[in-house]
K.L.:
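My structure is below; once you've seen it, I'll send some questions.
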Protein chains: 2
Amino acid sequence: MQDLNTEQNILNAAILVFQRKGMAGARMQEIADEAKINKAMLHYYFRNKQLLFEAVFMQAFSQLAPQLNLIFASNDTVFEKIRKFNSNYIDFILKNPYLPTFIIQELNNNPEFVKKFMVHGNKPDPNPFLLQIEKEITLGKIKKIKPKQLLLNLLSLSVFPFVAKTMLKLVMDVSDQEFLELMEERKTLISEQIINSIKV
Amino acid sequence: MQDLNTEQNILNAAILVFQRKGMAGARMQEIADEAKINKAMLHYYFRNKQLLFEAVFMQAFSQLAPQLNLIFASNDTVFEKIRKFNSNYIDFILKNPYLPTFIIQELNNNPEFVKKFMVHGNKPDPNPFLLQIEKEITLGKIKKIKPKQLLLNLLSLSVFPFVAKTMLKLVMDVSDQEFLELMEERKTLISEQIINSIKV
DNA sequence: GTCTATAGCCAGATAGAC
DNA sequence: GTCTATCTGGCTATAGAC
């Protein structure tokens, strides 16, 4: 796992630390320790903290967006997309549980900065999905609802538990194991609830 | 609005800055500027940054929890609680939009620290609500569902849009005005969707 | 490419006059 | 209680040997 590539090794360590502490709270020394290399190496490879952070953020963000667009832009029906979204996306987040929190946190602390990454193929584009919802409503295939509200519901139900995991575990008194089981169950639970709410 | 009380004046300024930048990113100078007082005053009143932060966090947290418990512990039916929760809680967050993000962010960055506040009447306690759901399921009043999943749905649908607001505005191309309208609509929209999903 | 040593800066904290 | 001036420590960043 080590030394395949010092640069990727640093990135992996930086992801962990930036995710735990955020940009401002992260320490270059802690990243170096995590990567088991010398602190000076960080500067050798990434010049400074800001650039290292941007590399980490870029990598995180560019994983998330295409994943979303793949589903939004496919040829499936709205029902199928909802099912696929929950199944695939929750799976994806389970494998990268830090991503949503990290992105939302840094986006809140530094909204301007993030817009830099919102270009080319990196921007999540829900428009195809929103237009499709309009269309299926007109065709009488699903109940009337503001497309953005439907999308909000979809995102809220699937992403929120991960963002608020620490709080939820505390408040609802849930173990890591139970949390995983609940998330596993949600893959289908949420889909059925949403579909049920718009089924004609 | 100023000088009523220097201590509260500082707290108000600190809330703003800590919310924008988080504990690590916040600067004592920025808080002093925001409060239009001298930096030394911060130390005079709150001794150090950590204690000032704890005072801010405590104030934020102790607003949120009772608000929740009031609804969870009332004598209403599950349906009524769901309606009240969405109406009251979204209203409350609209007036304090920084609260959920702030709490979730600092809780993620420093899980240990937060447990200090999770005592006395300050801990959100969803148990009465969870037990009530079990009971109404047994009585055949609502469909079978894991109580925790229902609570997760409720919290997700109402809180997530606020936590992810910056991201959502960017991705869904929504103005502040439109965001408010969507949230206003959600007060009833969400309730009906959730109730619909568990109605026998 | 990797390391040690250190420069330089910035932010939290305090001393002390008023 | 409020201010100015200043100390101190910690952290980013670089110089330079190997």
Side-chain angles (χ1 to χ4, degrees), chain A residues 1-60 102 105-106 108-110 112-114 116, chain B residues 1-60 102 105-106 108-110 112-114 116:
Chain A
M1 194 80 177
Q2 210 78 320
D3 279 350
L4 319 148
N5 178 327
T6 309
E7 193 167 319
Q8 189 58 47
N9 179 28
I10 292 175
L11 274 176
N12 290 338
I15 287 171
L16 284 177
V17 177
F18 279 132
Q19 171 239 337
R20 276 202 298 263
K21 306 288 179 66
M23 163 65 182
R27 294 292 158 250
M28 294 297 265
Q29 186 60 59
E30 196 180 345
I31 296 173
D33 293 347
E34 184 74 42
K36 296 197 181 69
I37 56 156
N38 191 280
K39 185 161 71 89
M41 290 281 87
L42 299 179
H43 290 92
Y44 179 79
Y45 279 94
F46 292 91
R47 193 177 180 89
N48 61 39
K49 187 182 177 182
Q50 179 65 30
L51 287 175
L52 174 56
F53 176 78
E54 294 189 13
V56 165
F57 192 90
M58 176 64 111
Q59 177 163 307
F102 176 62
Q105 166 161 331
E106 296 307 327
N108 278 328
N109 291 344
N110 204 342
E112 290 316 308
F113 156 73
V114 180
K116 282 200 272 183
Chain B
M1 192 80 179
Q2 210 77 319
D3 279 352
L4 320 145
N5 177 327
T6 309
E7 193 167 319
Q8 189 58 47
N9 180 28
I10 292 175
L11 274 177
N12 290 338
I15 287 171
L16 283 178
V17 177
F18 279 132
Q19 172 238 337
R20 275 201 299 263
K21 306 289 179 66
M23 163 65 180
R27 295 289 158 252
M28 295 296 266
Q29 185 60 59
E30 195 180 347
I31 296 173
D33 293 347
E34 185 74 43
K36 296 198 180 69
I37 56 156
N38 191 282
K39 185 161 70 89
M41 289 282 88
L42 300 179
H43 291 91
Y44 179 79
Y45 279 95
F46 292 91
R47 194 177 180 87
N48 60 39
K49 188 181 177 182
Q50 180 65 30
L51 287 174
L52 174 56
F53 176 77
E54 293 188 14
V56 165
F57 193 89
M58 175 66 110
Q59 178 162 308
F102 177 62
Q105 166 162 328
E106 296 307 327
N108 278 327
N109 292 344
N110 204 342
E112 291 316 307
F113 156 73
V114 180
K116 282 200 272 184

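Lettering of chains follows the sequences in order, A, B, ..., and the numbering in each one begins at 1.
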K.L.:
Round to a whole Å and report the spacing from CD1 of I10(B) to P of dG12(C).
P.N.:
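So the two atoms are 14 Å apart, to the nearest Å.
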K.L.:
Quick one: M28(A) CE to dT14(D) C1', roughly how many Å, whole number?
P.N.:
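Atom CE in M28(A) sits about 12 Å away from atom C1' in dT14(D).
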K.L.:
Between P on dG10(D) and CD on Q50(B), what's the gap in Å once rounded to a whole number?
P.N.:
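Distance check: Q50(B) CD to dG10(D) P gives 15 Å.
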K.L.:
Taking OP1 and OP2 of dT14(D), is either one under 4.0 Å from a side-chain nitrogen or oxygen of H43(A)?
P.N.:
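False: H43(A) side-chain N/O out of range (4.0 Å or more) of dT14(D) OP1/OP2.
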K.L.:
Round to the nearest Å and state the distance from L42(B) atom CG to dT14(C) atom P.
P.N.:
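Checked: the CG to P distance equals 13 Å.
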K.L.:
Would you say N38(B) and Y44(B) make side-chain contact, with heavy atoms under 4.5 Å?
P.N.:
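SC-SC contact between N38(B) and Y44(B) ruled out.
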K.L.:
Would you kindly give the CD-to-P distance between Q29(A) and dG9(D), to the nearest whole Å?
P.N.:
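Between P of dG9(D) and CD of Q29(A): 19 Å.
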K.L.:
To the nearest 0.5 Å, what is the distance between CD (Q29(B)) and CG (L42(B))?
P.N.:
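That separation rounds to 8.5 Å.
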K.L.:
Please name the pair of heavy atoms, one in L52(A) and one in I31(A), separated by the smallest distance, quoted to 0.1 Å.
P.N.:
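Residues L52(A) and I31(A), closest heavy atoms: CD2-CD1, 4.1 Å.
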K.L.:
Could you tell me the separation between the CZ atom of F46(B) and the CD1 atom of I10(B), rounded to the nearest 0.5 Å?
P.N.:
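Output value for this atom pair is 5.5 Å.
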K.L.:
Is the closest side-chain heavy-atom distance between F113(A) and Q50(A) below 4.5 Å?
P.N.:
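Of all side-chain heavy-atom pairs linking Q50(A) with F113(A), at least one is under 4.5 Å.
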K.L.:
Below 3.5 Å between N/O atoms, which protein atoms pair up with nucleotides 7-10 of chain C? Just atom names and distances, please.
P.N.:
none

K.L.:
Rounded to whole Å, please give me the gap between CG in N48(B) and C1' in dC7(D).
P.N.:
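The answer, rounded to whole Å, is 17 Å.
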K.L.:
Distance check needed: dT8(D) C1' versus K49(B) NZ, whole Å only.
P.N.:
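After rounding, the gap between these two atoms is 16 Å.
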K.L.:
Per the salt bridge (Lys or Arg N to Asp or Glu O under 4.0 Å) rule, what does the pair list look like for residues 13-31 of chain B, sequence neighbours excluded?
P.N.:
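For residues 13-31 of chain B, and leaving out neighbouring residues, the salt bridge (Lys or Arg N to Asp or Glu O under 4.0 Å) pairs sorted by first residue read R20(B)-E30(B), R20(B)-E34(B), K21(B)-E30(B).
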K.L.:
Polar atom pairs between nucleotides 1-4 of chain C and protein, under 3.5 Å, N or O only, would you list them?
P.N.:
| residue | atom | partner | partner atom | Å |
| --- | --- | --- | --- | --- |
| dT2(C) | OP2 | Y45(A) | OH | 3.1 |
| dC3(C) | OP2 | N38(A) | N | 3.4 |
| dT4(C) | OP2 | N38(A) | ND2 | 3.2 |

K.L.:
Nearest whole angstrom, please: distance from the P of dA13(C) to the CZ of F53(B).
P.N.:
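Spelled out: CZ on F53(B) to P on dA13(C) is 14 Å.
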K.L.:
Kindly state whether the ring of F102(B) and the ring of F57(B) have centres lying under 6.0 angstrom apart.
P.N.:
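Ring centres of F57(B) and F102(B) closer than 6.0 Å.
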K.L.:
Do side-chain atoms of E106(B) reach the backbone of M23(B) as a donor and acceptor pair under 3.5 angstrom?
P.N.:
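Side chain of E106(B) to backbone of M23(B): a pair is present.
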K.L.:
Taking the side chain as every heavy atom from C-beta outward, state whether F18(B) and Q105(B) have any atom pair closer than 4.5 Å.
P.N.:
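No; the side chains remain at least 4.5 Å from each other.
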K.L.:
With a 4.0 Å cut-off on heavy atoms, is A26(A) in touch with a base, just the backbone sugar-phosphate, or nothing at all?
P.N.:
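Sugar-phosphate contact only.
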